[in-house]
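Working notes for the structure below.
Because the structure is a prediction, the values reported are computed rather than measured.
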Amino acid sequence: MGAFIIKRLFQTIAVLFFVTLIVFMIIQILPGDPAQTMLGADASQEQIQKLREELGLNDPFIVQYFNWAAGVIGGDLGHSIFYKETVINLMSSRFPITLTIGISALIVTVIIGIPLGVIAAVNRGGAIDSVVVVLSNIGIATPNFWLGILGVYFLSLKLGWLPVQGYVSPFTDPIGGLKTIIMPVLVLAATTIASVMRQTRSAMLEVIHQDFIRTARSKGLKERFVIIKHGLRNALIPVITLLGLQLGNIIGGTVLIEQVFNIPGMGSLLVSSVFMKDFIVVQACVLVIAVLVVFANLFVDLAYRLIDPRIKYN
Amino acid sequence: MKRRNVNFVLFIITMIIFVLTACSDDSSTEVVEGGEENKEQGVTETSENDKYGGTVKVRIAQQPRSFGFPPAIANNPTPSIPVALPALETLGRFDQDGNVQPWLARDWDMDDEAETVTVYLEEGIKFHDGTDFNSEAVKWVFDQIIDTHPSLSAIDSVEIIDDHTLVFHFEEYISGAHINMFTIVPIGSPTAYEELGEEGNWNHPVGTGPFKFDSMENNHYIKFVRNDDYWIDGLPYLDSFEFRIIPNETTAINTFLANEVDIALHLGANSIAELNTSSDILVVDPTTSIGLRGIGIIPNTSDPDSPLADIRVRKAISHAIDREQLAESIFHGYATASNQLTLPNSWSYNPDLDPFEYNPEKAKELLAEAGYPDGFQTTIYTQNVRSFLMQAVQGYLAEVGIEVEVDVVEQARFMSMIYEEGWDGFTEFIYYSAGDELGTLLRPFFGPSPVLWGNIIGIPENVVDLVVNFDLEMEENNRQRLAHELQSAVMEEHHLFTPLFITQEPYLKYNYVHDDGYYTLRADFFTPEKLWIDK
C-alpha cells in the first residue's frame with residue numbers, strides 16, 4: 001500500500017506539471033495583453049511597456065513558466081497583477097468558500113443519492129422506484145444554471161425564503177450562512193445526486209439477486225441488515241468510483257454556480273482573472289483545482305480497500 | 001400494477017407543475033420613469049432628523065481596478081470614480097448642466113492666457129487619518145498624476161502659495177485639462193500613502209469624503225461607514241454605505257427585486273425595459289446635459305485594397321443602418337440616434353451635415369458606384385455586452401448585400417486589437433460625446449499621437465489639427481466653429497466611423513432612496529453625502 005501511494009504521488013507530480021504547463025501555454029497563446037487591460041484605455045505605449053517589463057511579460061514563455069514553478073515550489077504562488085495582492089492571500093479567503101460548497105454538495109449527494117438508490121432498488125417496479133427513476137432522469141437532463149435560475153425565481157423572488165446571491169460563512173453566522181449556501185449546494189448537487197441514485201439503484205439490483213444475499217436471508221437476518229450490511233457494501237464499489245469522478249464535476253461546477261449565485265469563491269476568482277488576463281491567479285487556481293481532483297481520486301482508490309478488503313494494491 | 005405506478009408518477013409531476021404555476025403569479029405593474037428630477041413617489045415632508053441612519057447597498061457590475069490610489073483612479077475613471085468618491089473627494093464637481101462647481105476648492109481664478117490657475121482650498125478640512133487637507137497634500141497628489149494622465153499632461157507644475165492656495169502652471173491651455181484637474185483627480189492623504197504604500201493604498205481610500213473606508217472582499221463587497229468629522233456640518237445622513245459587486249446582470253436584477261440592494265447601477269437598457277417592476281421602484285436617467293458615451297462602428301481603412309478604404313462604401317454603410325429603429329428596439333428609448341459625435345441638442349452638433357438617414361437604396365447606389373454592386377464580406381469585432389446590437393447591424397448590412405460576420409472577443413483581446421494588433425473590417429467604437437471636452441476626449445483616438453483605433457487606421461492631418469485647435473481655443477464662438485468643422489471633417493469629409501447612438505445609462509432604485517447623488521457624464525460620479533432613506 002505504501003509503495004502504491006508513493007507511486008501515485010509521483011504520477012500526481014507529473015500530472016500537475018503537464019496541467020500547469022498546458023494552462024500556461026494556453027494563457028500565453030490567448031490574444032490580449034494583461035498590461036494593457038490593467039492600465040486601461042488612456043495608457044500610453046511607454047506605460048504599457050514599462051509595466052510589461054515589471055511583470056516579466058517580456059521574458060520568453062519557458063522562463064516565465066519556470067520562474068513561476070520555482071516560486072510555487074518555494075511556497076509562493078505569485079502576485080496578482082489586478083488585485084495587487086499575493087495569490088496566497090486572495091485564495092485564503094476564497095478557497096474555504098469553494099471547499100464549503102463543494103464538500104456540502106458531496107455530503108448532500110451521498111445522503112440523498114445513495115439511500116434513494118437503495119430504496120428504489122429494493123422496491124423495484126414500485127411507485128417509489130418510478131419516482132426515483134423519473135427524478136434521476138430529470139436531474140441528469142437539467143442544466144445546473146437553469147435549475148439555479150428557477151430556484152432563485154421561486155425560493156427567493158416568489159417565496160422570499162432564501163437570498164438571491166452572496167455568501168455568509170456558516171461559521172460566523174450559522175443561520176445566515178446556511179441560507180446562502182442551501183440553493184448553490186442543492187443546485188450543484190442535483191446532477192450528481194441523480195447520477196449516484198441511478199448507479200446505486202443498478203448496482204443494488206445486481207447485488208440483491210445474488211446467492212449470498214439469499215443465504216443471508218435464509219439465515220434469518222433482518223431485511224434491513226441484509227440490504228445495508230451485505231447488499232449495499234458490495235454495491236458500493238461502482239458508486240464510490242462514480243463519486244470520485246463526480247468530485248471533479250463538483251469542483252468544476254462551482255465555477256458556474258459561483259457565477260450564478262455571485263459567491264466570492266475560487267470559481268468566480270478564476271473567471272474574473274481569465275477576463276482580466278491575470279494569468280498568475282488563473283495558473284494558481286488551476287493548480288489548486290488539479291491538486292484537489294488528483295488527490296480526491298487517490299482517496300477514492302484507497303477507499304476501495306476499506307470497502308472491500310479483498311482488493312490488494314500492487 | 002405498472003399502469004398505476006405510471007399514473008402515480010404523472011399525478012406527482014402534474015401536482016408539481018400546478019404548484020409551480022400557482023406560485024408564478026406575474027402581476028406586472030407600472031414602471032415609474034425617473035428623469036432629470038428623479039421623480040420620487042410617496043415622499044412626504046421629512047424633518048432633518050428623520051434623514052439620519054440606515055445603510056444603502058448599491059449594485060455595481062465590476063470591481064474597480066483601484067479605488068484608493070489616486071493616479072490609478074484618474075487613469076481608469078470607470079468604474080473607479082463612483083466607488084472612490086464616497087471617501088475621496090475632488091477639487092470641483094460637475095453640476096447638472098455640466099459646469100464645474102467648487103468643492104474642496106472653494107474658488108479659482110484663471111489668468112487671461114489661461115497659463116495659470118490659482119486655486120483656493122476650503123479650510124479646516126481633515127483627512128480620515130486626522131491629517132490636514134492643505135496645499136501640500138493637493139500638490140503631492142497632482143505631482144503623482146500629471147506625468148501619467150494624458151489629459152493632465154498639460155499641467156507643467158503645481159506651486160504652493162500658502163497653506164490653502166496653489167497655482168497650477170500650464171504649458172498651454174487645454175480645455176479638458178482644466179476640467180479634469182477639478183473633476184477626476186481624487187485627493188487622498190499623502191500621510192496614509194506613506195504609511196500604507198502604493199499597494200496598501202490601492203483599495204484603501206483615505207480622503208476627506210463623507211464616508212470612511214471600512215472593509216472589502218474582492219469581487220464581493222466594498223463597505224464604507226459614516227465619517228463623523230465630515231467637513232460639512234450635519235452630513236452625511238447614512239450610517240454606512242456598501243457597494244455590492246454583482247457581475248451577472250440577471251443575478252443583479254433578481255438581487256434588486258428581492259430588495260437585497262437598494263440601488264442597481266450599470267444595467268442594460270434591455271433588462272430595465274423588460275422588467276416588471278412595482279410602483280415603489282424608480283427607473284432613473286442619470287444623464288446630464290453635456291454628453292455621454294457614444295457607440296458606433298469604426299472601419300480599418302489602412303488597407304488600400306479593402307472596400308472600407310473607399311469613403312463611398314463607408315457612407316453606404318451609414319445609410320444602410322436604421323439608427324432610430326435600433327435605438328428604440330434595442331435600447332428601448334434609452335439611447336438617442338446621432339449622425340455625429342455629439343447629441344443633436346448639443347452646441348457642438350453641426351446641423352448642416354448630411355444626416356445619413358436610413359436609405360438602403362442610396363446605400364446600394366453608393367456601393368455600386370464604388371464598384372461593389374453585389375456587396376462584399378467583412379467582420380465586426382465586438383465585446384459580449386454589445387453583441388446583440390452588432391447582430392442587428394449585421395441584419396441591416398445584409399439587406400444591402402454586405403455579408404458581416406460578428407466576432408465576439410473578450411476584453412483583453414479587444415484591447416489588444418485596438419491598441420496594436422489591428423483588425424480587418426470593423427470594431428465597435430465607444431467614444432465620449434461630451435461637447436465641452438470634445439478635443440481632449442478625441443485625442444486618444446484622433447489626436448496627434450493616438451493610442452487606440454487612430455494609431456491603427458491613421459488619422460487625416462486636418463482632423464488631427466482640428467482636435468488640437470479645438471482643445472487650445474478659449475473663445476466660445478471659435479470653439480463652436482471648430483467643433484462644427486471637426487464634426488464635418490470626421491463625418492462628412494472622411495467618414496471615419498459610422499455613429500449609431502449616444503446611450504443613456506438608466507439605473508434602478510427604490511423610492512425610499514433620496515438624493516443619491518449619482519450622475520453620469522463621461523464617467524460615473526457618485527456623491528452620496530446627502531443620500532438618505534425613509535425605509
Given heavy-atom pairs under 4.5 angstrom as the criterion, report whether the side chain, backbone, both or neither of [X] touches chain B.
| X | result |
| --- | --- |
| A/V152 | side chain |
| A/Q259 | backbone |
| A/L90 | side chain |

**Asked** What part of B/P64 gets closer than 4.5 Å to chain A, counting heavy atoms only: side chain, backbone, both or neither?
**Response** backbone
**Request:** Side chain from CB out, backbone as N, CA, C, O: work out which of these in B/Q63 comes under 4.5 Å of a heavy atom of chain A, or both, or neither.
**Result:** both
[atom1] of [X] to [atom2] of [Y]: how many Å apart, nearest 0.5 Å?
| X | Y | atom1 | atom2 | answer |
| --- | --- | --- | --- | --- |
| B/R65 | A/F82 | CZ | CZ | 8.0 Å |
| B/E260 | A/S156 | CD | OG | 6.5 Å |
| A/F145 | B/T250 | CZ | OG1 | 10.5 Å |
| B/N254 | A/F261 | CG | CZ | 10.0 Å |

**Request:** Would you name the heavy atoms of B/E217 and A/P264 that are closest together and state the gap between them?
**Result:** OE2-CG, 3.5 Å
**B/T255 side chain vs A/V164 backbone, donor-acceptor pair below 3.5 Å** = no
**Message:** I'd like to know if the side chain of A/N262 and the backbone of B/I245 have a donor-acceptor N/O pair within less than 3.5 Å.
**Reply:** yes
**Asked** In terms of heavy-atom pairs under 4.5 Å, which option from B/I418, B/I246, B/N203 contacts chain A the most?
**Response** B/I246
**Message:** Let's go through A/E85 and B/N218 carefully: what are the C-alpha distance in whole Å and the side-chain angles of both, what is the deciding distance for side-chain hydrogen bond (donor to acceptor under 3.5 Å, both in side chains) to 0.1 Å, and is it a yes or a no?
**Reply:** CA-CA 10 Å; A/E85 264 187 62; B/N218 282 318; 3.1 Å; yes
**Message:** Quick one about A/Y83 and B/N219 (side-chain donor to acceptor, distance below 3.5 Å, no hydrogens or angles considered), yes or no?
**Reply:** yes
**Request:** Say whether A/H79 and B/E199, considering side chains only, have a donor N or O and an acceptor N or O under 3.5 Å apart.
**Result:** yes
**Message:** Evaluate B/E198 against A/K84 for side chain to side chain contact (heavy atoms under 4.5 Å, CB included), listing each step before the verdict.
**Reply:** CA-CA 9 Å; B/E198 183 181 323; A/K84 295 259 174 189; 3.9 Å; yes
